[in-house]
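Because the structure is a prediction, the values reported are computed rather than measured. Lettering follows sequence order; numbering is per chain, from 1.
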Protein chains: 2
Amino acid sequence: MAESNANIFKAIDAERRGTSFEEVVMQLREMIHRGELRPGDRLPPERDLAKQLGVSRPTLRAGISSLAAVGVLQPRRGAGTFVVEAEGPPTLDSSALRLMASLQRFTPAEMFEARRSLEMSIAALAAERATGEQMAEMSEEITGMFASLDEPEQFLVHDMRFHQTVAAASGNRILTALMNMVATILFEVRSKTVRRARDLKESAEMHRAIYRAIRDRNPEAARDAMRDHLMLAQAAQEQEEELD
Amino acid sequence: MAESNANIFKAIDAERRGTSFEEVVMQLREMIHRGELRPGDRLPPERDLAKQLGVSRPTLRAGISSLAAVGVLQPRRGAGTFVVEAEGPPTLDSSALRLMASLQRFTPAEMFEARRSLEMSIAALAAERATGEQMAEMSEEITGMFASLDEPEQFLVHDMRFHQTVAAASGNRILTALMNMVATILFEVRSKTVRRARDLKESAEMHRAIYRAIRDRNPEAARDAMRDHLMLAQAAQEQEEELD
DNA sequence: AGATGGCTCTTGGTCATACCAATCGACTTT
DNA sequence: AAAGTCGATTGGTATGACCAAGAGCCATCT
């Protein structure tokens, strides 16, 4: 029969021809990859772009939604759709990881361990590469921690900034982005539990140990200090959760 | 004027009321987080779900597109939309990282370094936790490498499977997922360059060194062996690129 | 002349509706 | 009973319209 022939052809032709909207996503990605779209650029209006790509506006919008979901595009009503600015610390959208955590039932211990692995590597790299400026910034954040031992909220800000600075000093933006992904999720958990001021002084001391190791250009010591710090932080977190 | 009053109220009321389609995404995410939607589950038909959530079908579809973009939902035409099965190695969609690489101009050296950091941690963990079964699997893949020294394509398959097995043995699915993200992108680069058979034997030997360290429950040795292996792989890759 | 307010146009956000295409299942036929 | 067929279900796309929020222009007022 002719129909079975058609099926055969379909099977042969099974080069996974994506749906039309996947085609749009691919087109846009390639435009970005080829540098035709640079950070901060504005895309043509949806109506024009849809015509230009030969698809309907809803289809185009589905593609834009996908790219917006991964944090690459940023539509602003009335203004246009923009390629996201690559400013500040590189951040990958953590929603994907958060959803995967829900689906696969990741344990907090697993997440802490992942963060520890990332930050230990980052600390070691920072010890090799940190500039004087970055080290000064770390020092300032530690000073800020000691100055806010009785203001947990403020302390947390300095804490996060310190880790950001170390990550920047590592010179590896990918590790930085991955660390941010994991840290964001852990932070959401942490912000739910009451922050007790008890351990803050000890925490600040451990940050100082990390800083000293980096300042002394001692990667192994930096790695160990970071491990000690995060192990303690995890223990404190788990202790707090038991009390709820 | 009444209008300026309205503006004032608007400013006060600035509780960042997300767009309607973001509301949909949030609803779906919470359903997943609360366990109402489990891996493999099928969502209600779009027409029904749209009515249920009080939005139009295009809006709902935009939300589904977003979640599909991060690999959580998987629409199948004619069948329905499913929550993705959490089977096999955990894999986060790498498109986000790939796009970020384009936007921020990540260097290959940076990506190699990120992979190295991740896999060194993974190897150390695997040395502590690998089961006998997993070690046997590693051994088999190494055998496969030696058996395909003159078939680069086949060798590469065993290579990748070995690293997958080590990652699984690490017991940390987050690190595994992150490693896969980075490795996927590097693999895309690698598959473009011609694979020369010259170094395959040496590569296989280094894999064996990793395996032995894991078998001996020696985390430090495993970490070092993994570092040596990936450093050499990077050097070989860079050498090949010079020849193009 | 400069600043300020409002107006209008651009542009993303939403909706309703219709039709196409792939899949699945029940029914019919052999 | 097995296999093919047809129809219902369901995601994919298209058209067209309207709403809402910025942005920029212009007229008015100071």
Can you check the Leu60(B) CG to dG12(D) P distance for me, whole Å?
11 Å

Only counting residues at least two apart or in another chain, list the ones meeting side chain to side chain contact (heavy atoms under 4.5 Å, CB included) with Ala62(A).
Phe21(A), Ser65(B)

Just N and O in the side chain of Arg77(B): are any of them under 4.0 Å from OP1 or OP2 of dC20(C)?
no

Determine: side-chain N/O of Arg61(A) to OP1/OP2 of dG13(C), distance under 4.0 Å, yes or no.
yes

Heavy-atom count check: over 12 atoms from other residues, nucleotides or ligands less than 6.0 Å from Glu133(A) CD?
no

Six-ring centre of Phe82(A), Arg76(A) cation under 6.0 angstrom, axis tolerance 45°
yes

Could you check if a side-chain atom of Asp93(B) sits within less than 4.5 angstrom of a side-chain atom of Val70(B), using non-hydrogen atoms only?
no

Would you kindly give the CD1-to-P distance between Ile64(B) and dT10(D), to the nearest whole Å?
13 Å

Presence of Thr59(A) side-chain N/O under 4.0 Å of dG12(D) phosphate oxygens OP1/OP2
no

Hey, can you pull the residues of residues 47-58 of chain A with a non-hydrogen atom under 4.0 angstrom from DNA chain D?
Arg47(A), Val55(A), Ser56(A), Arg57(A), Pro58(A)

Quick one: Leu43(B) CG to dT10(D) C1', roughly how many Å, whole number?
12 Å

So Leu73(A) and Val83(A), do their side chains get closer than 4.5 Å, heavy atoms only?
yes

side-chain contact (heavy atoms from CB on, under 4.5 Å) with Arg161(B): which of Glu140(B), Met138(B), Glu141(B)?
Glu141(B)

Shortest non-hydrogen contact from Ile122(B) toward Leu175(B):
CD1-O, 3.8 Å

Rounded distance in Å - CD (Glu46(B)) to P (dA22(C))
16 Å

Distance alone, cut at 3.5 Å: any donor-acceptor contact between the side chains of Asn172(B) and Ser170(B)?
no

Looking at residues 67-76 of chain A, who's got a heavy atom less than 4.0 Å off DNA chain D?
none

Indicate yes or no: at least one non-hydrogen side-chain atom of Gln234(B) is less than 4.5 angstrom from one of Arg116(B).
yes

Rounded to the nearest angstrom, tell me the gap between atom CD in Glu23(A) and atom P in dA14(D).
12 Å

Closest nucleotide among dG12(C), dT13(D), dT11(C) to the Phe21(A) side chain:
dT13(D)

